[in-house]
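Residue numbers begin at 1 in each chain, while the letters A, B, ... track the order of the sequences.
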Amino acid sequence: MLNRIVKAYNEAVFETDKEAAFEVVNAALANGMTAEDIVFKVVIPAIEEMMSNITKDPDANLAQHFMTAQIAAEVTEKMLTKFKHPPEIVGRVVIGTAHGDLHSLGKRIVMGCLKAMMVDVIDLGVNVPAEKFVDEALARDAQVIAVSAMMVHTATGEGGARKVRQILKERGLENRFRLIVGGAPYRFDDRLFLAAGADAWAPDGVSASRVIVDLIKEVKAS
Amino acid sequence: MHRQLNAIEIFTQTQTIPSDHVRKPTAMACLIVHSTTEQHRINVADGQSVRDALDITEMRVRAACGGTGTCGACVVRLVGGEVTAPTVAEYMKLSPDERAAGARLACQLRLMGAAEIVLDQPAPPSQWKSIPPENLIAAPGSLPSLAELIYGVAVDLGTTHIRVALWDRRHGKRIATRHGPNPQGAFGADVLNRLEAARARPERAAELAKLARSAIVQAVRDILARDVGEVTPMLAQISQVFVVGNTAMLALLTSRGINDLVNPAHWQSRIDCVPKDLAEWHAQWYMPNAEIVLPEPVAGFVGSDLTADLLATGLTDGPPGSLLLDVGTNTEVALWDGRTLHVTSVPGGPAFEGVGIRYGMPAEPGAISSVRDAAGNYACETIGGSEARGFCGSGLTDAIALLVANGIVKQSGRFEVSPGPDGFSLDPANPRTAITGNDVDAFQRAKAATAAAMEQLLAQAQMAWSDLRRLCVCGAFGRTLNLQNAQAIGLLPPINPAMIELHADASLAGCEMALLSSDGAGRFAALAARIKATNLSLAAGFENRYIDHLRLRPIGSHAEHERISSCLIA
Ligand code: FES
């Protein structure tokens with residue numbers, strides 16, 4: 001039965017058909033599958049599959065990434081309410097757009113994927129001051145700070161990731177958090193993330209969620 | 001407004017004319033125009049003069065009067081065909097020898113059928129063209145009490161285009177219009193890049209302001225030179241210049257409020273774009289008597305161009321549930337709920353203007369403006385009827401809707417069978433009719449942003465799609481948008497098409513109405529007082545709506561999913 005469900009779910013995700021995905025999940029629940037199994041045996045493998053396919057599938061476009069990440073996030077969110085025990089959280093990330101940047105959609109895909117992968121995502125919203133990134137990361141005991149910037153001047157400017165790095169340095173917090181950046185400008189120059197003071201970057205939202213999970217593990221291991 | 005169209009073809013002088021071009025169809029006539037440089041086909045409305053027909057293209061005749069036959073500059077050589085007989089003006093301006101050689105005045109010449117002319121002396125190349133008459137809205141109003149200084153200029157300052165109209169305010173008569181590129185585009189197509197450049201260096205700000213101001217006066221001078229015949233004395237007769245635009249353009253025009261605009265925290269508030277150096281403007285424009293009026297923009301992200309749209313369409317005069325869309329680089333949306341004007345803007349992406357689309361282009365000659373399904377083939381209709389050079393917004397909408405209807409593109413935006421990097425050609429013989437996967441993606445994101453913005457305002461007014469009673473679509477789609485197709489893929493809501501109005505240049509029209517009323521600025525202020533502006537990047541729920549609207553299907557079909565997903569929670 002599991003194979004059939006996985007196949008039907010993957011098909012629905014490939015078609016970015018949220019209704020169809022929900023129907024598969026509903027049917028699985030009706031057949032006695034647990035919410036835990038749906039997340040760990042169906043949803044997460046589907047995302048991992050998408051991550052490994054993303055570089056091989058040039059036809060998948062941004063619109064489709066938005067929709068697939070949304071499906072994963074919504075299904076997971078609803079399944080979590082049915083979990084018998086609260087699930088073990090992989091880690092925690094604070095995410096927001098750089099100061100001066102109002103492009104909120106850029107971080108949507110990565111947030112959707114992360115939620116489905118059991119990463120606790122604290123969304124700080126748009127136009128976030130550098131201090132707030134650090135303060136919230138401390139207060140929430142996060143492992144990763146993710147700064148999204150869609151414009152050249154917010155991606156490299158003084159108020160964005162660079163300032164977050166500076167504050168981390170000043171407060172001696174550099175070992176405690178990893179800083180990742182994302183957004184269109186970093187794609188045009190794959191060394192730009194270094195100039196922005198980041199530890200890592202990712203070219204798209206789906207890959208970013210994988211990089212973030214790796215960074216979380218890195219911090220937890222240290 | 002249904003007009004019969006005739007076709008004009010323009011060839012280079014060296015080219016021979018294929019004889020089948022001089023055909024004699026019933027509704028369509030063919031005028032072949034030889035010029036020194038180019039070969040075009042353009043459509044001519046029945047009754048339109050050849051000059052007017054050419055004025056909306058890059059191939060203008062010389063002219064120094066308003067087409068009254070008085071300047072004699074617009075000479076063309078008639079080779080043959082069915083045209084109107086020479087007018088008295090032509091007998092007066094052209095010698096018998098010239099007439100025997102086929103000379104005609106383009107402003108007097110009209111098509112009766114197929115014809116052929118030579119453009120021996122075209123006007124020097126110019127950025128400025130007349131706005132196609134079908135895109136203009138009749139602006140009611142006049143100022144009979146205006147005894148002197150009766151002229152006025154309306155300006156719609158857009159990110160990519162500037163539109164200008166010269167009016168006789170006293171008699172309420174539009175003398176001519178022009179549109180052309182905003183020269184600030186050289187500093188970045190993106191508004192924020194321009195703002196950033198201006199913020200970083202004051203001298204750059206001054207330069208950008210000057211560029212926009214000189215473009216405005218160039219357009220006015222072009223009108224005066226070609227449609228009036230006198231420039232400098234007429235500039236002094238101008239009593240008002242009324243300027244609307246998006247907030248960033250107004251800030252860059254006046255070098256005011258730029259710092260506020262770069263900081264998103266200020267986007268929701270009013271931005272002061274009142275010029276401080278008007279004396280300099282008067283001097284630069286040679287318009288010593290002009291009152292320069294720039295109504296205050298609504299907020300950082302909603303300009304006075306939206307207020308102009310509201311005035312032009314009379315949105316608040318209509319029933320509650322009247323919605324307005326002004327589609328452009330930034331799409332602005334307004335909803336009238338009977339009490340409040342809810343407005344917002346959304347960076348829908350300039351896909352509807354052809355930007356970011358492989359073969360996208362503005363609505364210019366050669367742009368595919370509509371596509372029809374012709375028994376399994378795709379019949380592409382272009383502006384001017386010439387060979388397709390790419391898609392404008394309405395053609396792109398048709399193409400994608402038909403590809404979805406035919407099962408070639410799925411609702412997800414994915415091609416059923418990948419067409420490869422070259423895309424799917426609607427006309428296999430013409431690669432510029434291709435739609436790529438990325439084109440579909442850009443379109444999906446633009447239409448989702450538009451639909452989500454409309455839905456967000458409806459939610460804010462506690463209304464539903466079914467409460468809509470009127471929808472005015474202004475801007476980039478012009479008047480050629482196919483409503484059924486736009487509804488089928490969720491660009492427009494599935495309401496009775498009779499409730500949908502297509503306006504092209506509504507902001508210019510609103511600006512013109514202000515120019516023709518004694519208190520234009522006051523009318524803008526009265527509308528502005530009813531406006532409640534929402535910044536979508538701060539609005540809860542907008543992102544979910546956006547993602548829900550990405551699929552290529554009618555708006556409202558996802559109401560079904562709300563039902564299904566609520567079962568999950570139960
Ligand atoms: S005579 Fe034709 S434009 Fe002046």
From [X] atom [atom1] to [Y] atom [atom2], the distance as rounded to the nearest 0.5 Å:
X        : Y        : atom1 : atom2 : result
A:Leu105 : B:Phe542 : CG    : CZ    : 6.0 Å
B:Arg553 : A:Asp17  : CZ    : CG    : 7.0 Å
B:Arg445 : A:Asn61  : CZ    : CG    : 7.5 Å
B:Asp548 : A:Glu74  : CG    : CD    : 6.5 Å
B:Gln411 : A:Met67  : CD    : CE    : 9.5 Å
B:Leu550 : A:Leu62  : CG    : CG    : 9.0 Å

(message) Heavy-atom cut-off 4.5 Å, strictly under: side chain, backbone, both or neither for B:Phe415 against chain A?
(response)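 Contact with chain A is absent: no heavy atom of B:Phe415 under 4.5 Å.
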(request) Against chain A, label B:Asn544 side chain, backbone, both or neither, depending on which of its atoms sit under 4.5 Å from a heavy atom there. (result) both
(message) Please identify, among A:Gln70, A:His103, A:Glu77, A:Arg108, the residue contributing the most non-hydrogen atom pairs under 4.5 Å to chain B.
(response) A:Arg108
Does [atom1] in [X] sit with more than 12 non-hydrogen atoms of other residues, nucleotides or ligands closer than 6.0 Å?
X        : atom1 : result
A:Asn3   : CG    : no
A:Glu131 : CD    : yes
B:Lys410 : NZ    : yes

(request) Please determine which of A:Val13, A:Thr16, A:Thr68 meets the side-chain contact (heavy atoms from CB on, under 4.5 Å) test together with B:Ser412. (result)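 That would be A:Thr16; it is the only one of A:Val13, A:Thr16, A:Thr68 passing the side-chain contact (heavy atoms from CB on, under 4.5 Å) with B:Ser412.
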(request) Against chain B, label A:Asp101 side chain, backbone, both or neither, depending on which of its atoms sit under 4.5 Å from a heavy atom there. (result)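 A:Asp101 touches chain B through backbone heavy atoms alone.
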(message) Counting only non-hydrogen atoms closer than 4.5 Å, does A:Glu15 touch chain B with its backbone (N, CA, C, O), its side chain (CB onward), both, or neither?
(response) both
(request) Identify whether NZ of Lys or CZ of Arg in B:Arg414 sits under 6.0 Å from the centre of the six-membered ring of A:Phe14 and within 45° of that ring's axis. (result) yes
(request) Name, in order of residue number, those residues of residues 122-130 of chain A that have a heavy atom at a distance of less than 4.5 Å from a heavy atom in chain B; otherwise write 'none'. (result)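 If one takes a 4.5 Å heavy-atom cut-off, the residues of residues 122-130 of chain A near chain B are A:Val126, A:Asn127.
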(message) The test is side chain to side chain donor-acceptor pair (under 3.5 Å); show your working for B:Asp441 and A:Gln64 and say whether it passes.
(response) CA-CA 8 Å; B:Asp441 181 39; A:Gln64 287 149 19; over 6 Å; no
(message) Only pairs of heavy atoms separated by less than 4.5 Å count here; which of B:Gln444, B:Glu543, B:Glu196 has the most with chain A?
(response)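 Counting heavy-atom pairs under 4.5 Å, the top option is B:Glu543.
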